[in-house]
Structure formats: structure tokens, C-alpha cells
2 protein chains.
Amino acid sequence: MLDLDDFLPYRLNVLAKRVSRELARRYEAQFGISIPEWRVMAILGREQPLSSNDIVERSAMDKAKVSRAVTSLVEAGLIARDTHPSDQRLLRLSFTVKGKALYDRIAPLALEWQQRWLNCLDEAELAQFKALSAKLEGQLEQLARDVL
Amino acid sequence: MLDLDDFLPYRLNVLAKRVSRELARRYEAQFGISIPEWRVMAILGREQPLSSNDIVERSAMDKAKVSRAVTSLVEAGLIARDTHPSDQRLLRLSFTVKGKALYDRIAPLALEWQQRWLNCLDEAELAQFKALSAKLEGQLEQLARDVL
DNA sequence: GCATATTCGTTTCATATGAAACGATATCGG
DNA sequence: CCGATATCGTTTCATATGAAACGAATATGC
């Protein structure tokens with residue numbers, strides 16, 4: 001019989017949504033920033049400058065969402081948006097001083113929060129969980145491709 | 001450093017969203033039913049009749065979403081909605097014949113799809129993954145409570 | 001070179017979402 | 001009993017979402 005509590009697609013969605021809500025509450029309350037905006041920041045924190053499309057590829061967000069997040073961040077003075085010199089279709093996105101400062105404040109807090117969350121697992125368990133998640137994601141891609 | 005690919009809240013969201021999309025495509029295309037609607041069906045498949053509130057509790061959906069899903073299902077002739085005899089605030093939701101027939105068609109397919117997805121893990125891995133997910137969910141509740 | 005196709009990012013549009021207000025019913029305290 | 005409070009489900013409202021249309025810029029084929 002189909003028991004929803006045992007149906008993994010459902011369980012994963014509940015878990016993911018709860019994590020998101022938890023994090024969103026913190027980002028929003030403390031820094032006035034949404035999750036999509038924070039994702040853009042996080043990606044820029046790793047590599048800079050990037051085009052919107054680079055961010056789409058790295059973030060698993062669609063381009064409309066990225067476009068909106070970027071616009072907000074620019075309006076908030078957190079990132080700078082100019083056009084690529086040799087290809088004017090591309091944006092060149094990078095932190096402003098203010099944006100970098102905010103990133104440097106948020107990133108450790110996000111990691112620390114994750115740490116508090118994950119400390120219910122030991123090293124091995126965490127590694128296991130990540131490995132299994134990756135497997136599931138790979139298999140999912142397979143199945144998706146089958147249908148297309 | 002904060003690497004989004006290694007940030008579990010993010011990873012989980014990507015995975016959960018992809019699973020949802022994959023499933024939604026099938027439900028929608030084959031049966032003309034949305035995920036919230038399917039969740040209501042799945043819950044009724046286990047226990048019947050139930051009030052809307054029962055479904056809210058069992059589904060981790062908010063009551064507005066449940067209300068909409070129920071309305072759609074009633075309009076589609078898949079479930080019956082009458083009022084509880086001794087408490088007129090409560091609905092009494094149950095399958096129609098047509099609804100039960102549809103449930104009996106979908107449930108095996110959903111399980112079979114899950115099977116195909118999960119067969120990339122062996123018994124032990126799957127058990128492990130579920131156990132770890134449950135741990136993470138428990139810890140999340142702890143953290144959420146701390147803030148409140 | 002020039003017409004065609006492609007890529008990039010924005011915007012539009014229709015739909016989904018959830019918090020809060022709401023009306024209806026039921027319960028509780030005095 | 002009856003006024004105050006709580007519960008149930010719907011609806012409203014403001015916002016989020018993503019597919020598709022779009023304009024601008026570039027690449028490609030002839």
C-alpha cells in the first residue's frame with residue numbers, strides 16, 4: 001500500500017521545504033534578503049565576475065528568477081551589473097564593497113547554522129547521506145532522460 | 001568557504017524540486033491531477049473518511065492548499081464532501097467510486113516509479129538514507145523550536 | 001556581406017502560494 | 001443559558017513562480 005510517510009518524493013519535499021523556511025526566516029529577518037538573492041550572493045562569493053547565465057547554470061534556478069534576484073540585489077546596492085566588453089548580451093556581475101561585506105557576514109552564519117543542524121550526524125553518517133543523495137540525483141536524471 | 005554545492009539546504013532543495021517536477025509531469029499528463037490533489041488522494045487511500053484538518057495534519061500542507069485541492073477533487077467527481085453529522089464545522093471527505101478507481105490505478109504506478117528511482121540504492125543504503133533523513137528532520141524541529 | 005538562427009536577459013502572463021481575515025459552528029466559563 | 005473564545009474551512013490579497021514571448025546582440029551559413 002502507498003503510505004505517504006514512506007513515499008520518498010514526499011518526505012524529501014517536506015524536509016527540503018522545512019529547511020528552506022527555517023533558513024529564509026533568518027536571511028529575511030536579519031539581512032532583508034530572500035533565498036534566491038542569497039543564492040546569487042553565495043555563487044558570486046565563490047567566483048566573480050559572472051554573467052546571469054553562469055549563475056543560472058550554477059544555481060539550478062531558472063533565468064527569470066535569477067534576473068529578478070539580480071535586479072533586487074543591484075537596487076539594494078549589493079552587486080554591480082555592467083555589460084561584458086566584448087559581448088554586450090552578457091552581464092558582468094560582481095559584488096559592490098557593501099555586497100562583499102554583507103556576504104562576509106552571512107556566509108559564516110550560514111555555515112554555522114548548517115553545522116548546528118548537521119551535528120546530529122557524525123562524520124561518516126554525513127558523508128553517507130551526501131553520497132546517497134548524489135546517487136539519487138543521478139538516478140533521477142537517468143529517469144528524466146528516459147521520458148524525454 | 002561556503003560552497004553552494006556542498007550546502008545541504010540547497011542540495012536538498014534541488015533534489016526535492018527535481019523529484020517533484022518529475023512526478024508532477026506524470027500525474028498531470030496521465031491523470032490530470034496536481035501534486036497537492038494527489039497528496040489528498042494518497043492520504044484518503046490510507047484512511048477514510050477524513051476531515052480537511054485531518055489531511056492538513058497528515059500532509060504538511062497548509063489549510064488553504066488543502067481546501068483548494070479538495071475543491072478541485074470534488075469538482076472532478078473524485079471525492080465526496082459532506083458535513084460531519086455531529087459537528088457541522090468538519091467536512092467528511094471520502095472517495096467516490098470514480099475516485100477510488102483512479103487511486104487504485106495511480107498508487108501502483110507511483111510505487112513502481114519510486115521503485116525504479118530507488119533501485120539505485122540497495123536495501124541497506126535505502127534504510128540508511130531514510131534513517132538519516134529522519135534524524136535531520138528531527139534536528140530541524142529542535143532548531144526551529146529554539147528560535148520560537 | 002547579409003539573411004537566418006542562436007543566445008542572453010527582461011518582461012509578460014497565467015497560475016500557485018501562504019498569511020491573514022472571515023463567516024459559521026462549537027465549546028467553555030461563569 | 002449566554003457571552004467570550006476557539007476551531008474549521010473558505011476566501012482574499014499580496015507575492016512568488018516559471019513558461020513563453022520578446023528585443024537586443026552575436027554567431028552561422030550561404
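Numbers restart at 1 for each chain; the letters A, B, ... are given by sequence-line order, proteins then strands.
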request  = Take nucleotides 10-24 of chain D nucleotide by nucleotide from the 5' end and write B, S or -, depending on whether a protein heavy atom sits under 4.0 Å from the base, only from the sugar-phosphate, or from neither.
outcome  = BBB----BBB-----
ask   = Can you find a heavy atom in the side chain of A/Met41 that is under 4.5 Å from one in the side chain of A/Leu44?
value = no
inquiry  = Between P on D/dC8 and CG on B/Leu90, what's the gap in Å once rounded to a whole number?
reply    = 6 Å
request  = Report yes if some heavy atom in the side chain of A/Leu4 is under 4.5 Å from a heavy atom in the side chain of A/Leu2; otherwise report no.
outcome  = yes
note = Assign each of B/Arg92 and A/Asp87 the nucleotide of DNA chain D bearing its closest heavy atom; nearer the 5' end lies the nucleotide of B/Arg92
ask   = Any side-chain heavy atom of B/Trp117 within less than 4.5 Å of one from B/Glu22?
value = no
remark   = Sorted by chain and number, sequence neighbours left out, ring-ring contact (aromatic ring centres under 6.0 Å, His included) with B/Phe7 holds for none
query = How are the rings of A/Trp38 and A/Tyr27 set to each other: parallel, tilted or perpendicular (split at 30° and 60°)?
reply = tilted
message = Between P on D/dC8 and CG on B/Leu93, what's the gap in Å once rounded to a whole number?
response = 14 Å
